[in-house]
Amino acid sequence: MAHPAGVDPRATLGSTSGIARTYWPVPLVRAAVAAVAALVTTFSLDHSSTLGLLVFGVFALGAGVVGGVFGASRLGEDRASRRLFLAQAGVSGVAAITALVLSFTSPTPPAYVYLIVAWAVVAGFLELVAGVLGRERSPLARDWMVVGVITILLGIVFLAVPPDFTTNFTGAEGVSGTMTTSIMAVGLFGAYAAIVAAYLAIGAFTYKGERSRGPASDASALDERSAS
């Protein structure tokens, strides 16, 4: 494949691959926090709004604030993406503080639902924009777009959750129970956290594999493509 005159393809490839190699701990940290949130919501018998707000608050602090600031620090010269992820970290920080305060003052299902909707739409949009703007220059862009879309979908799904839903049900073997807004919402957030954890973990180990290959392997691959 021919390259434009004056452009060093090795430099271009090295910059994008280098970002992936140094960035891999970021999705791993985000995946770990999301996995903890998913495990807590899955194995806890308490699916109240209080638990939901506490879990979300810790998730937003870990995956949003720490992940956002940590990620921005590893994006090199990609200033546009850095700004977007710092903005996302700020949004997550506000959401986390709000969630933790509400968990002790007003842990109601509507408060939980509307907070998740606001955070998911804004934070998801910022990550999606980072992916769209970086798709021509960053190997990380696809993962940002996917996680951004999944997060926005979380907000859309939460909009469909009735804020004051309560119904009794009878399951197999005559087991009865009550389905409420908080049970549905906490379960949905747990499912979201599990999906994001799996996706980000796969991405992290993929980027780490790029690091193991090293720049020399990239240069050899580029030479083969250039010769064809």
> Check the pair Phe59, Phe189 against ring-ring contact (aromatic ring centres under 6.0 Å, His included), reporting the backbone distance first and the verdict last.
CA-CA 11 Å; Phe59 168 85; Phe189 183 78; 5.3 Å; yes
> Okay, side chain of Thr41, backbone of Ala38: is any donor-acceptor separation there less than 3.5 Å?
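Yes, Thr41 side chain to Ala38 backbone: donor-acceptor pair under 3.5 Å.
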> Considering all heavy atoms of both residues, which atom of Pro107 and which atom of Ser49 are nearest to each other, and what is their separation?
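Smallest interatomic distance, heavy atoms only, reads O-CB, 3.2 Å.
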> Any donor and acceptor pair, going by atom type alone, linking the side chain of Arg79 with main-chain N or O of Leu75 inside 3.5 Å?
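Absent.
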> Any non-hydrogen side-chain atom of Tyr207 less than 4.5 Å from a side-chain atom of Asp143?
yes
> Mind checking the CD1-CZ spacing from Ile152 to Phe125? Nearest 0.5 Å is all I need.
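Atom-to-atom, Ile152:CD1 and Phe125:CZ are 7.5 Å apart.
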> Gln88 side chain to Ala123 main-chain N or O, any donor-acceptor pair under 3.5 Å?
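Answer holds: yes.
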> Do any N or O atoms from the side chain of Thr181 and from the backbone of Pro109 form a donor-acceptor pair under 3.5 angstrom?
no
> Establish, yes or no, whether a centroid distance under 6.0 Å links the rings of Trp24 and Phe205.
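No - the distance between ring centres of Trp24 and Phe205 does not fall below the 6.0 Å cut-off.
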> Checking the side chain of Arg74 only, and the main-chain atoms of Gly71 only, is there a donor and an acceptor separated by less than 3.5 Å?
no
> Nearest 0.5 Å please: distance from the CG atom of Leu128 over to the CG atom of Leu133.
9.0 Å
> Quick one, Lys208 and Pro27 - any side-chain contact, counting heavy atoms below 4.5 Å?
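Side chain of Lys208 against side chain of Pro27, heavy atoms only: no contact under 4.5 Å found.
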> So how far is it from Leu126 CG to Ser81 OG, rounded to the nearest 0.5 Å?
11.5 Å
> So that I can tick it off, tell me whether Arg30 and Glu127 are bridged by a salt bridge, with the cut-off set at under 4.0 angstrom between side-chain N and carboxylate O.
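So Glu127 pairs with Arg30 through a salt bridge.
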> Kindly give the heavy-atom pair with the smallest separation between Ala95 and Leu115, and that separation in Å.
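Of all heavy-atom pairs spanning Ala95 and Leu115, the closest is O-CD2, 3.9 Å.
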> Start with the C-alpha gap between Thr50 and Tyr112, add the side-chain angles, then the distance that decides, and say whether side chain to side chain donor-acceptor pair (under 3.5 Å) holds.
CA-CA 9 Å; Thr50 300; Tyr112 177 59; over 6 Å; no
> Got a second to check how far Thr108's OG1 is from Leu102's CG, nearest 0.5 Å?
7.5 Å
> Does some side-chain heavy atom of Val55 sit less than 4.5 Å from a side-chain heavy atom of Val186?
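Not touching, per the 4.5 Å side-chain cut-off.
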> What pair of heavy atoms forms the shortest contact from Ala141 to Gly131, and how long is it?
CB-O, 3.3 Å
> Using modelled atom types only, decide if a donor and an acceptor are shared between the side chain of Thr98 and the backbone of Val94 within a distance under 3.5 Å.
yes
> Using atom types as modelled and distance alone, determine if a side-chain donor or acceptor of Ser103 lies under 3.5 Å from a backbone N or O of Leu53.
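No; zero donor-acceptor contacts below 3.5 Å.
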> Answer whether the closest heavy-atom distance between the side chains of Leu28 and Leu200 falls below 4.5 Å.
no
> For a 4.5 angstrom cut-off between non-hydrogen side-chain atoms, does Pro25 reach Phe70?
yes
> Looking at OG1 of Thr151 and CD1 of Ile156, how far apart are the two atoms once the value is rounded to the nearest 0.5 Å?
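Separation between the atoms: 11.0 Å.
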> Flag the pair Tyr192 / Val157 as yes when at least one side-chain heavy-atom distance between them is below 4.5 Å, and no otherwise.
no
> I'd like to know if the side chain of Thr105 and the backbone of Val101 have a donor-acceptor N/O pair within less than 3.5 Å.
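Side chain of Thr105 to backbone of Val101, a donor-acceptor pair under 3.5 Å: yes, one is there.
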> Does any donor atom in the side chain of Asp46 or Ser44 lie under 3.5 Å from an acceptor atom in the other side chain?
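Side-chain D/A pair, Asp46 to Ser44: absent.
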> Is there a side-chain contact between Leu51 and Ser48 (heavy atoms, below 4.5 Å)?
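In contact.
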> State, with a plain yes or no, whether a side-chain heavy atom of Leu100 is found less than 4.5 Å away from one of Leu61.
yes
> Could you walk me through whether Phe85 and Trp144 satisfy the ring-ring contact (aromatic ring centres under 6.0 Å, His included) test, starting with their C-alpha distance in whole Å, then the side-chain angles of each, then the deciding distance to 0.1 Å, before giving a yes or no?
CA-CA 10 Å; Phe85 277 99; Trp144 293 342; 4.9 Å; yes
